[in-house]
Amino acid sequence: MNDLLTLAVELAAEGAELALRLRRDGLEVGTKSSPVDVVTNADRAVEAHIRARLSTVRPRDGFLGEESDAAESESGLTWVVDPIDGTVNFLYGIPEWACSVAVVEGVDPASWTVHAGAVVNAAAGERFAAARGGGATRNGEPIRAGAPADLATSLVGTGFGYRAEVRAEQGRALQALLPRVRDIRRHGAASLDLCAVACGRLDAYAERGLSPWDFAAGALVATEAGAAVAAGDVREGRRLVAAAAPTIADEFAAAVTQIGL
Ligand code: IPD
């Protein structure tokens, strides 16, 4: 287990540092699912680097990443990688993006076991990490989710998809949530939002439409920090990922259902 965690942290740190260097050299930018869904040469280079490292040290493990084809596992373990989560922040120089690496057993995100995960924000100098059953850390120090009194005084994070019709729906749900909470934040990187719940910077976070690489590592960090995390609800192919401090978990889950997120 410790070996998997060490490798996850190493790969995420190498990936984040490589992205920083490539950004300094100047980026090439393209688009994916819509004109606002960007991808850079750095996203592709970081994923290729992590994939190449894994093929040497863990050749029988599977691979699932944002920027290249999946490879089936022969060992039962699969590495789930978002080379740059928060690519729009990365593009604009906002220091809220991360390289996210998790190692999981199983293929369905609703039921897989995440053994270890690391989320590294090189621009901010923060490394979040967790191993199953081993607690969560930031830069090596243990972290815990907060203990807000109620939803009305909770700071809640969320995120938006890249398709206009999906955003319109997400906007309607947020309109219903905003009067019921302290405030809302949209930081722009789901993996870091989950780590923010893990260390009490957010009291809760929910977003529908995440891909496995957006949340695999961050969800483990949040769980190991004592947050209540759910990722089993899929509607029209779009998965809801929610994390909350334990003191408001039931109230938050009920609110998320009521607003139709
Ligand atoms: C995105 C970010 C964003 C979230 C989107 C994700 P990407 O990932 O995590 O915060 O709202 O749903 O797609 O595209 O930057 O890897």
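Here the structure is a predicted model, which means the values were calculated and not measured. Each ligand, and each atom within it, is numbered from 1 in the order the structure gives. We use all heavy atoms of the structure for the numbers below, so side chains are in, but hydrogens, waters and symmetry mates are not.
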Report all side-chain donor-acceptor pairs from residues 245-260 shorter than 3.5 Å, counting only partners two or more places apart or in another chain.
residue: Thr247; atom: OG1; partner: Pro148; partner atom: O; Å: 2.7
residue: Glu251; atom: OE1; partner: Leu151; partner atom: N; Å: 3.0
residue: Thr257; atom: OG1; partner: Ala253; partner atom: O; Å: 3.0
residue: Gln258; atom: OE1; partner: Arg180; partner atom: NH1; Å: 2.8
residue: Gln258; atom: OE1; partner: Arg180; partner atom: NH2; Å: 2.9

inquiry  = Side chains of Pro212 and Leu64, heavy atoms from C-beta outward: is any pair under 4.5 Å?
reply    = yes
Close-range residues for ligand 1, whose non-hydrogen atoms fall below the 4.0 Å threshold = Glu66, Asp82, Ile84, Asp85, Gly86, Thr87, Gly159, Phe160, Tyr162, Arg186, Gly188, Ala189, Ala190, Glu207, Leu210, Asp214
request  = Evaluate the side-chain proximity of Leu178 to Asp183: yes if any heavy-atom separation is below 4.5 Å, no if none is.
outcome  = yes
request  = Decide yes or no for Arg238 and Glu169: does some side-chain heavy atom of the first lie under 4.5 Å from some side-chain heavy atom of the second?
outcome  = yes
ask   = Would a 4.5 Å heavy-atom cut-off, applied to side chains only, mark Val241 and Glu207 as touching?
value = no
key: Heavy-atom side-chain contact between Val80 and Trp112 under 4.5 Å   = yes
